[in-house]
There are 2 protein chains.
Amino acid sequence: MHNSIAHYVFPVTDDLVLGRQVCFALYAASRALTDVYRPILDEFGLTYPQYLVLLVLWERGDDAPTVSELGAALRLDSGTLSPLLKRLEAAGVLVRSRSAADERRVEVRLTDAGRALRERMCGVPLRVALATGLTEAELIGLRDTLNRVTETIHRQKEK
Amino acid sequence: MHNSIAHYVFPVTDDLVLGRQVCFALYAASRALTDVYRPILDEFGLTYPQYLVLLVLWERGDDAPTVSELGAALRLDSGTLSPLLKRLEAAGVLVRSRSAADERRVEVRLTDAGRALRERMCGVPLRVALATGLTEAELIGLRDTLNRVTETIHRQKEK
DNA sequence: CGCAATTGAGTTGTGCACAACCTAATGGGC
DNA sequence: GCCCATTAGGTTGTGCACAACTCAATTGCG
């Protein structure tokens with residue numbers, strides 16, 4: 001029925017039952033949180049990954065990251081970012097331009113409209129945090145645990 | 001620069017900085033865990049959502065769930081499940097058939113090959129759990145916190 | 001200098017996710 | 001028995017994700 005040694009060491013991984021799997025909890029919670037974002041970001045004409053790109057650009061201020069720097073921050077590759085950035089450019093919140101110093105690079109910089117969005121969206125994180133029903137301490141603990149998992153996995157992949 | 005009241009009540013939601021957002025931690029961790037699954041599930045010719053469908057079917061044993069029962073368990077709608085189930089049927093692990101009692105329903109049941117997969121995949125959860133680098137207690141705590149978030153969000157949506 | 005290896009971005013193809021819509025089957029009220 | 005609202009599943013269209021690939025620009029090494 002199941003691996004009894006694994007069961008002894010790691011009951012939480014027992015059996016192949018959906019409700020016991022951390023992986024499903026993570027997958028379901030991630031989609032649920034995106035559901036919370038959807039109607040909120042819709043007010044600004046953005047999707048969730050597009051909003052993440054703006055978070056990076058707002059944080060960087062005046063220095064314009066390249067596509068691959070954005071990819072490193074968000075852990076997304078050019079296959080995902082290229083069309084996404086094209087849509088954000090069409091929406092008028094950013095501009096893409098080839099670097100003069102290195103013609104391979106494409107620099108991504110906010111337009112005035114993109115910068116203005118930051119002010120208008122400052123209430124968004126709080127609205128989402130409240131929807132989780134967690135306390136601030138729980139949110140911090142959850143965030144740090146998740147970041148540790150992500151780090152562990154990516155360190156292993158580099159080897 | 002930021003909402004100072006929100007900052008006072010909820011520093012974790014401060015500013016719109018990527019690294020401080022629980023939402024990004026959740027999104028990144030979910031994708032990282034899927035990256036762990038990908039090469040493992042590839043050995044069995046499955047994707048991660050396909051594996052989740054099999055978890056439900058294995059758990060139900062002899063009673064064959066309908067498409068919407070699968071959707072309720074996984075929180076996925078027919079737009080996602082219909083093509084996914086068609087691919088699993090083409091792969092030979094399950095069969096779809098209209099219910100005799102109610103011609104609107106489609107019952108999903110495992111083939112012998114689908115049932116046999118369960119034995120072959122019993123080691124999968126442990127392999128993934130180890131990759132997270134978390135202790136068993138941390139995994140259980142994480143899972144329960146995430147399930148609470150998902151529940152809270154879905155209860156709010158029903159209203 | 002010359003050229004092979006590397007890097008950066010984009011494209012293509014597959015598979016989710018989800019909204020919006022469609023059709024057929026069902027069931028309750030009259 | 002008839003009608004209409006509801007339910008179940010499927011289809012279409014958009015937008016991620018990611019693997020595999022292409023191509024041009026750059027780098028580094030002999």
Side-chain angles (χ1 to χ4, degrees), chain A residues 23-24 27-39 41-42 45-54 64-72 74-91 96-108 150 153-154 157, chain B residues 23-24 27-39 41-42 45-53 64-72 74-91 96-108 153-154 157:
Chain A
C23 66
F24 177 67
Y27 166 78
S30 180
R31 283 188 298 126
L33 209 55
T34 304
D35 282 349
V36 174
Y37 271 103
R38 200 184 318 283
L41 295 180
D42 213 50
L46 295 172
T47 65
Y48 179 63
Q50 289 170 6
Y51 168 71
L52 294 178
V53 167
L54 288 183
T66 64
V67 172
S68 36
E69 285 167 352
L70 278 173
L74 298 172
R75 299 195 181 283
L76 291 170
D77 69 4
S78 68
T80 300
L81 283 174
S82 282
L84 191 159
L85 293 171
K86 217 178 279 184
R87 282 185 286 270
L88 283 176
E89 187 170 37
R96 294 175 307 147
S97 57
R98 290 276 164 189
S99 160
D102 184 342
E103 288 283 342
R104 290 171 306 178
R105 294 166 180 265
V106 168
E107 295 164 350
V108 179
T150 304
I153 291 173
H154 283 113
K157 253 203 342 193
Chain B
C23 66
F24 176 67
Y27 166 77
S30 180
R31 283 188 298 126
L33 209 55
T34 303
D35 282 348
V36 175
Y37 272 103
R38 200 182 320 280
L41 294 180
D42 213 50
L46 294 173
T47 66
Y48 179 64
Q50 289 170 7
Y51 169 71
L52 293 179
V53 167
T66 64
V67 172
S68 37
E69 284 167 352
L70 278 173
L74 298 171
R75 300 196 182 282
L76 292 171
D77 69 4
S78 67
T80 301
L81 283 175
S82 282
L84 190 159
L85 292 172
K86 218 178 278 184
R87 281 186 286 271
L88 283 175
E89 187 172 36
R96 295 176 306 146
S97 57
R98 290 277 165 187
S99 161
D102 184 342
E103 288 283 340
R104 290 171 306 178
R105 293 165 180 267
V106 167
E107 294 165 351
V108 179
I153 291 173
H154 283 111
K157 252 201 344 194

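Quick note on labels: first sequence line is chain A, next is B, and so on, each numbered from 1.
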Student: Could you give the CG-to-C1' distance, from Leu52(A) to dA17(D), as a whole number of Å?
Tutor: 13 Å
Student: Arg96(A) has an atom CZ; how far is it from atom P of dG8(C), in whole Å?
Tutor: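 For the pair Arg96(A) CZ and dG8(C) P, the rounded distance is 17 Å.
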Student: Base, sugar-phosphate alone, or nothing: which one does Leu84(B) contact when heavy atoms must sit under 4.0 Å apart?
Tutor: sugar-phosphate
Student: Separation of Arg98(A) atom CZ from dC23(D) atom C1', in whole Å?
Tutor: 10 Å
Student: Is there a donor-acceptor contact under 3.5 Å from the side chain of Ser68(A) to the main chain of Gly71(A)?
Tutor: no
Student: Show each protein N/O and nucleotides 4-8 of chain D N/O combination with a separation under 3.5 Å, one pair to a line.
Tutor:
{"residue": "dT7(D)", "atom": "O2", "partner": "Arg104(B)", "partner atom": "NH1", "Å": "3.0"}

Student: In whole angstroms, how far is the P atom of dT14(D) from the CD atom of Gln50(A)?
Tutor: 14 Å
Student: Could you list all N or O pairs between the protein and nucleotides 18-22 of chain C that sit under 3.5 Å apart?
Tutor:
{"residue": "dC18(C)", "atom": "OP2", "partner": "Arg31(A)", "partner atom": "NH1", "Å": "3.2"}

Student: As an exercise, state the distance from OG1 of Thr34(A) to OH of Tyr27(B), rounded to the nearest 0.5 Å.
Tutor: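 Taking OG1 in Thr34(A) and OH in Tyr27(B), the distance rounds to 8.5 Å.
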Student: Figure out the CD/C1' separation between Glu107(A) and dA9(C), and round it to whole Å.
Tutor: 13 Å
Student: Counting just side-chain N and O atoms, does Lys86(A) come under 4.0 Å of either OP1 or OP2 of dT11(C)?
Tutor: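 Answer is yes, contact under 4.0 Å.
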Student: Whether the side chain of Asp77(A) engages the backbone of Thr80(A) through a donor-acceptor N/O pair (distance < 3.5 Å, no angle test) should be reported.
Tutor: yes
Student: CG of Leu81(A) versus C1' of dA19(D): gap in Å, rounded?
Tutor: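 Spelled out: CG on Leu81(A) to C1' on dA19(D) is 15 Å.
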Student: Under 4.0 Å from OP1 or OP2 of dA9(C): is there any side-chain N or O of Ser82(A) that close?
Tutor: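 For dA9(C), OP1/OP2 do not have a side-chain N/O of Ser82(A) under 4.0 Å.
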Student: Just how far, in rounded Å, is P of dC16(C) from CG of Leu74(B)?
Tutor: 12 Å
Student: Classify the ring geometry between Tyr51(A) and Tyr37(A) as parallel (under 30°), tilted (30 to 60°) or perpendicular (over 60°).
Tutor: tilted
Student: Taking only N and O in the side chain of Arg87(A), is any of them less than 4.0 Å away from OP1 or OP2 of dC16(D)?
Tutor: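 True: Arg87(A) side-chain N/O within range (under 4.0 Å) of dC16(D) OP1/OP2.
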Student: Ion pair present between Glu89(B) and Arg96(B), side-chain N to carboxylate O less than 4.0 angstrom?
Tutor: yes
Student: Quick check: does any side chain N or O of Arg98(B) sit under 3.5 Å from a backbone N or O of Glu103(B), one acting as donor and the other as acceptor?
Tutor: yes
Student: Is the phosphate of dG15(C) approached by Tyr48(B) (side-chain N or O, under 4.0 Å from OP1 or OP2)?
Tutor: no
Student: Tell me the interatomic distance from Asp42(A), atom CG, to dC16(D), atom C1', rounded to whole angstroms.
Tutor: 16 Å
Student: Of Leu81(B), Val108(B), Thr47(B), Leu46(B), which meets side-chain contact (heavy atoms from CB on, under 4.5 Å) against Val53(B)?
Tutor: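 For Val53(B), the side-chain contact (heavy atoms from CB on, under 4.5 Å) check succeeds only for Leu81(B).
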